[in-house]
Number of protein chains: 2
Amino acid sequence: MKPADMDAVFHALASSHRRKILDIVKSMPGSSVNDVCKYFEMSRIAVMKHLKVLEAANLVISQKSGRARELYFNAVPIQLIYDRWTTEYSKFWASHVTDIKFKAEAKRRAHERDD
Amino acid sequence: MKPADMDAVFHALASSHRRKILDIVKSMPGSSVNDVCKYFEMSRIAVMKHLKVLEAANLVISQKSGRARELYFNAVPIQLIYDRWTTEYSKFWASHVTDIKFKAEAKRRAHERDD
DNA sequence: TTCATAAGTAACTATAAGGTTACATATAAG
DNA sequence: CTTATATGTAACCTTATAGTTACTTATGAA
């Protein structure tokens, strides 16, 4: 996955509006643009712009059906980033998640009387 | 993890410059701002702004040591998002990754003669 | 054909991002 | 004390985001 693609995916995910759209499209595959609009206060144009960002990141795929556009969630980019994280960052986690757990444990013990 | 915090983390990760800074600080804990600057063409001020974004996302933590500032990578936000993904999205993956594999397989078979 | 509806495009505004240079402050070293 | 170094702050510029309204196009239905 190219850096520019990762930029697009992270950028697309960096908005609660867009994450909400993802949730909607994920749970109701084939939703139209107007269907998605019903869940928001903002204008349809604003929603379409968010959809454009999501499609640029390949997180949403669409296909025309008559005058409507059917929207589908695409998990592949998230899967790819997930894979990258669990490989590229796994070594880090292997060492530091332990630290975090240790610190959490130490903290727990320090405050044991208060619990 | 609050939506605003997720926004901050995804936004921070949506830049290859900032991901590179993360890699540097991760592999050389305690690096100073100037140390990090050595790996970039842009000005120190630009690097500091990226660091501010990373600190706002809690991905980098810093502590003063004399006139220098020591920088440390913090894995917790990534861990939290990772956990969220592997829970919130896992059901989706469970059903659709299978589809993806199926489609990939179908495609492979369709082009079998060309391989 | 006529009308209603879904989507797309254009133009505009306000704010945020990402960069710059210039200047200010704090501390280590001579 | 003086100087060099590390960081911090201010002001500015350009481009990108996120939204708006107005208009256009395409299609389904009466």
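Naming convention: chains lettered A, B, ... in sequence-line order (proteins, then strands); numbering from 1 in each chain. Owing to the predicted nature of the structure, the values given are computational and were not obtained by experimental measurement.
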Polar side-chain atom of Asn74(A) near backbone of Val60(A) as donor-acceptor pair, under 3.5 Å: no
Taking only side-chain N and O atoms of Asn34(B), does any of them lie within less than 4.0 angstrom of OP1 or OP2 on dT5(D)? no
Pairing residues for His11(B) by the side chain to side chain donor-acceptor pair (under 3.5 Å) criterion, not counting sequence neighbours: none
Just the atom pairs and distances: protein N or O near nucleotides 27-30 of chain C's N or O, under 3.5 Å.
from    : atom 1 : to       : atom 2 : distance (Å)
dT27(C) : O2     : Arg67(B) : NH1    : 3.3

Expected string for nucleotides 13-25 of chain C under the B/S/- scheme (protein heavy atoms, under 4.0 Å, primed atoms plus P, OP1, OP2 as sugar-phosphate) is -----SBBBB---
Are a donor atom and an acceptor atom from the side chains of Glu55(A) and Ser62(A) found within less than 3.5 Å of each other? yes
Mind checking whether Leu59(A) and Ile61(A) sit in one hydrophobic cluster, side chains of I, L, V, M, F, W, Y counted as touching below 4.5 Å? no
Give me the ring orientation class for His50(A) and His17(A): parallel if the planes are under 30° apart, tilted from 30 to 60°, perpendicular past 60°. perpendicular
Within 45° cone and under 6.0 Å: Lys20(A) NZ/CZ vs Tyr39(A) ring: no
In whole angstroms, the gap separating C1' of dG8(C) from CG of Leu51(A) amounts to 13 Å
Just wondering, do Ser16(B) and Asp7(A) contact through their side chains at under 4.5 Å, heavy atoms? yes
Output yes when a side-chain donor or acceptor of Arg19(A) lies under 3.5 Å from a complementary backbone atom of Pro3(B), and no otherwise. yes
